[in-house]
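Since this is a predicted model, take the numbers as computed values, not measurements. For the single chain, residues carry numbers from 1 onward in sequence order.
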Amino acid sequence: MTASWYVLLEEGHVDYEHAAWPYTRQWELRWTEHVEGDQDDAEAAGLQLAKAHIPEAFYVRPGDRPHRSVFSTQSGTWLVKLRSRQSEVHFRVTASQLVYVEEEVAVALPEWFPEYSHSTWSHLKFLLGGTFTRKSKA
């Protein structure tokens with residue numbers, strides 16, 4: 001396998017559905033982009049993204065440009081902090097090498113086994129009170 005370089009974009013977000021109080025921020029991978037070339041090309045593309053990206057959840061009035069601080073870490077990641085009059089947000093950009101890929105293997109299910117989506121399982125979990133196990137009557 002030849003070296004494949006990518007730029008990864010992670011944004012801090014709060015998962016209000018599954019978070020307990022107080023809400024804590026988590027990193028979520030929002031975007032990946034394959035970069036033709038070597039590590040230097042990936043780092044150049046990553047730095048350009050760090051200097052230009054504005055997350056969708058960050059409000060900027062038309063014509064305004066937010067304050068942007070780009071920090072470079074030793075691990076080849078840029079941590080970016082955006083600040084405006086209304087809000088503050090952070091995200092990180094990483095230039096990384098793809099080192100392993102394993103394709104999905106789908107096993108044929110019996111005909112009687114229903115096809116459920118993730119939202120169906122979430123709804124069933126909600127209806128059962130947050131768990132799939134039966135509660136004992138004590």
Side-chain angles (χ1 to χ4, degrees):
M1 180 165 129
T2 60
S4 294
W5 288 92
Y6 285 79
V7 173
L8 311 176
L9 173 69
E10 297 173 281
E11 294 180 357
H13 81 289
V14 176
D15 184 2
Y16 293 104
E17 182 179 343
H18 298 102
W21 183 260
Y23 296 126
T24 57
R25 288 195 166 272
Q26 301 173 358
W27 290 107
E28 181 176 336
L29 182 63
R30 294 291 180 130
W31 184 75
T32 61
E33 179 71 26
H34 181 259
V35 177
E36 295 293 332
D38 59 2
Q39 182 176 1
D40 293 335
D41 296 324
E43 288 177 355
L47 182 58
Q48 181 62 34
L49 181 63
K51 290 179 179 179
H53 177 68
I54 297 178
E56 291 180 17
F58 185 70
Y59 175 74
V60 179
R61 295 187 323 189
D64 284 357
R65 187 172 57 216
H67 170 82
R68 180 183 302 263
S69 300
V70 179
F71 302 94
S72 176
T73 67
Q74 292 180 355
S75 62
T77 300
W78 295 274
L79 181 62
V80 183
K81 179 179 173 183
L82 291 178
R83 189 175 66 236
S84 71
R85 283 172 265 173
Q86 293 82 18
S87 62
E88 185 174 304
V89 70
H90 63 277
F91 62 92
R92 61 185 173 196
V93 178
T94 306
S96 64
Q97 182 180 11
L98 180 65
V99 295
Y100 180 74
V101 174
E102 183 174 3
E103 297 297 328
E104 177 184 11
V105 177
V107 178
L109 298 173
E111 288 183 24
W112 56 266
F113 194 85
E115 289 290 328
Y116 290 115
S117 66
H118 177 70
S119 62
T120 303
W121 285 115
S122 296
H123 184 69
L124 287 172
K125 186 177 178 181
F126 170 75
L127 291 175
L128 293 172
T131 181
F132 285 116
T133 59
R134 291 180 182 245
K135 295 180 181 177
S136 62
K137 294 181 180 179

Keeping Arg68 on the side-chain end and His53 on the backbone end, is there a donor-acceptor pair under 3.5 Å? yes

Nearest 0.5 Å, please: how far is NE2 in His90 from CG in Leu82? 11.0 Å

How long is the straight-line distance from CZ of Phe91 back to CD of Glu10, given to the nearest 0.5 Å? 11.5 Å

First locate atom CH2 of Trp78, then atom OG1 of Thr94, and finally report the distance between them rounded to the nearest 0.5 Å. 8.0 Å

Rounded to the nearest 0.5 Å, what separation is found between the CD atom of Glu11 and the CZ atom of Arg30? 5.0 Å

Can you list the residues that meet the side-chain contact (heavy atoms from CB on, under 4.5 Å) rule with Tyr6, with sequence neighbours excluded? Ser4, Leu8, His34, Ser96, Leu98

Distance-only criterion, 3.5 Å: show the donor-acceptor pairs between side-chain atoms of residues 40-51 and protein atoms not counting sequence neighbours.
unit_1: Asp41; atom_1: OD2; unit_2: Asp38; atom_2: N; d: 3.2
unit_1: Glu43; atom_1: OE2; unit_2: Gln39; atom_2: NE2; d: 3.1

Distance in Å, Tyr59 OH paired with Ser87 OG, rounded so as to fall on 0.5 Å steps: 10.0 Å

Check whether Trp5 and Trp31 end up in the same hydrophobic cluster, where Ile, Leu, Val, Met, Phe, Trp and Tyr are linked by side-chain heavy atoms less than 4.5 Å apart. no

Under the side-chain contact (heavy atoms from CB on, under 4.5 Å) rule, what do Val7 and Val93 come out as? Steps first, then yes or no, please. CA-CA 7 Å; Val7 173; Val93 178; 3.7 Å; yes

Just verifying a value: how many Å separate Arg85 CZ and Arg61 CZ, rounded to the nearest 0.5 Å? 4.0 Å

